[in-house]
Amino acid sequence: MTTSPTLNFDTDWSYAPAPETAAVDIADHYGLFIDGHFVDAKSGATFDTINPATEKELATVAEAADADVDAAVNAARSAYEKTWSKLPAADRGKYLFRIARLLQERAREFAVIESMDGGKPIRESRDVDVPLAAAHFFYYAGWADKLGYAFPGKDTPRPLGVCGQVIPWNFPLLMAAWKLAPALACGNTVVLKPAETTPLTALKLAELIRDAELPAGVVNILPGAGATGSAIVNHPGVDKVAFTGSTAVGKAIARSLASTDKKFTLELGGKAANLVFADAAIDQAVEGIVNGIFFNQGHVCCAGSRLLVEESIHDELIAKLQDRMQTLIVGDPLDKNTDIGAINSKPQLEKIEHYLKLGSDEGAEKWQPDSSLPDQGYFCKPTLFLHCAQSSSVVRDEIFGPVLAVQTFRTFDEAMTKANNTPYGLSGGVWTDKGAKVFKATAKVRAGVVWANTFNKFDPSSPFGGYKESGVGREGGLHGLKEYCALN
Ligand code: NAD
Ligand code: MN
């Protein structure tokens, strides 16, 4: 039996320490969060989560297996039937507003733990992950008592029941918010599994949800690895599955659900083209390219990992990009000056290093800045591959690291053909001074989100999701709400 530590956290922002020095309380051990309580796994199994920047253990965490999944699904079912789906919608909304506000109050603590457990720069967890997670809860809290107006021409939507949700390690808290908020707003209950390298902010969120006094069993959090995820997805008591992760696992889930009547949404990989036309504002484009591929070490499904640049400005743009990359600081995720933090895990670093070698072996020209890397921890220099052939693995495969493959084009049509020459279709970027070209290109790039003269911009009201092998369904906005309800 595990109890969470009592936090004595200064929530008065004006007196709080800088986030990178804020004291955080990470317990030695965390349990599974089932039916409102932290409990150990029935088998007693645990795993360690480490800080990838130091390779030091942060905590041991209970690992859920079939019997625990069963207990959590039963708790979620009972909460669904007895309380959550019966609550007045405005009350559900109040709980979600409460979660959103508590997240804001504890923002610094969540940001620090997110950076320690997963390796992302504190500037990002502080300015992007945590505020956006809170914004997501605020946004869907607002819909909870307005569902009857959400889909004109339809009756007030009904909830689906128990949702099984599996999330990845690249945005641990934010993905938990993306999954939980719309599900709960519609009246569903949830069993959610965080990724094995980053369970801590989901467990902190479980503490926060308990503190917000949500009825027991409405949210259950089960840490574990693939087997735990599979047990959740395949549990007969689960009515809807939401998964974010690799295309390989997404395909396996789609296969296993094909013979069931479970609803599912899959948010999978990407290999987005970031297209820069000769008429673009070059300095602005350089910032957008850097943000597109080096944000969160490139562990971003919608990362702009392919740069397609119009041939006439290639040399000028690459020279400016290289100058900018010389200034990027790779290092301690808790230092607010850090631009690129730690690679999330050793296997992920090995995967990236495999591609760094493969790209060169296949004939692309590798370029890295002179910056040095810390001696300890999993780090990788931001990397360009110049003059890439379309057949190159670094152009075709999702690397999920700070690695940008550069290609050129001469005509608009060639740019579109190259941009769409991928099995993925999650996102894209277009940089041009011409509004007409923006509309022409965004209509032709086959991707769920296409940014124009910006990149990696997120808002809870905007739908997000993929075409082709990037997944099915949408998250965010009304489209995301629809995935969690039945409509007549
Ligand atoms: P993964 O798909 O294996 O893991 C994602 C989540 O799914 C984790 O919580 C994991 O425990 C769980 N999982 C694993 N196997 C499962 C199964 N059979 N059934 C149910 N859940 C299962 O991804 P990964 O191994 O962590 O990363 C591998 C690659 O996937 C990365 O290099 C990257 O290319 C891609 N990826 C994409 C995203 C994304 O946001 N689209 C996120 C993470 C990883
Ligand atoms: Mn970790």
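Note: hydrogens, waters and symmetry copies are ignored here, and every other heavy atom, side chains too, is used. Please read all numbers here as calculations on a predicted model, not as lab measurements. Whatever order the structure lists them in is the order used to number ligands and atoms, beginning at 1.
Note on ligand 1: Ala252 sits outside its first shell, no heavy atom being nearer than 4.0 Å. Ligand 1 lies within reach of Phe243, whose nearest heavy atom is under 4.0 Å from it.
For the pair Lys204 and Asp117, the salt-bridge criterion is not met [side-chain N within less than 4.0 Å of a carboxylate O].
Residue Lys193 approaches ligand 1 through these ligand atoms, each under 4.0 Å from one of its heavy atoms: 8 (C), 9 (O), 10 (C), 11 (O). Residue contact check: Gln348 has heavy atoms under 4.0 Å from atoms 31 (C), 32 (O) of ligand 1. Taking a cut-off of under 4.0 Å to the non-hydrogen atoms of Ile167, the atoms of ligand 1 that pass are 6 (C), 8 (C), 9 (O). Those atoms of ligand 1 that come under 4.0 Å of a heavy atom in Val166, given as number and element, are 6 (C), 7 (O), 9 (O), 12 (C), 21 (N).
With 2.8 Å as the limit, Gly119 does not count as an N, O or S neighbour of the Mn ion (ligand 2). Residue Ser345 does not count as close to the Mn ion (ligand 2), with no N, O or S atom under 2.8 Å.
Distances from atom 40 (O) of ligand 1 to the protein include at least one heavy-atom value under 4.0 Å.
Taking the six-membered ring for Trp, Trp178 and Phe464 have ring centres closer than 6.0 Å.
For the pair Arg474 and Tyr484, the cation-pi test (distance below 6.0 Å, angle within 45°) is failed.
A donor-acceptor contact closer than 3.5 angstrom links the side chains of Thr244 and Lys179. Of the N and O atoms on the side chains of Asn274 and Trp431, at least one donor lies less than 3.5 Å from an acceptor on the other residue. A donor atom on one side chain and an acceptor atom on the other are not found under 3.5 Å apart for Glu55 and Gln376.
At a 4.0 Å heavy-atom cut-off, ligand 1 does not touch His299 at all. With a 4.0 Å heavy-atom cut-off, ligand 1 is reached by the side chain of Asn170 but not by its N, CA, C or O. At a 4.0 Å heavy-atom cut-off, ligand 1 touches Leu268 through the backbone alone.
Nearest protein heavy-atom neighbour of atom 35 (C) of ligand 1: Glu398 OE1, 3.5 Å.
Residue-to-ligand polar distances keep Ile399 apart from ligand 1: every N/O pair is separated by 3.5 Å or more.
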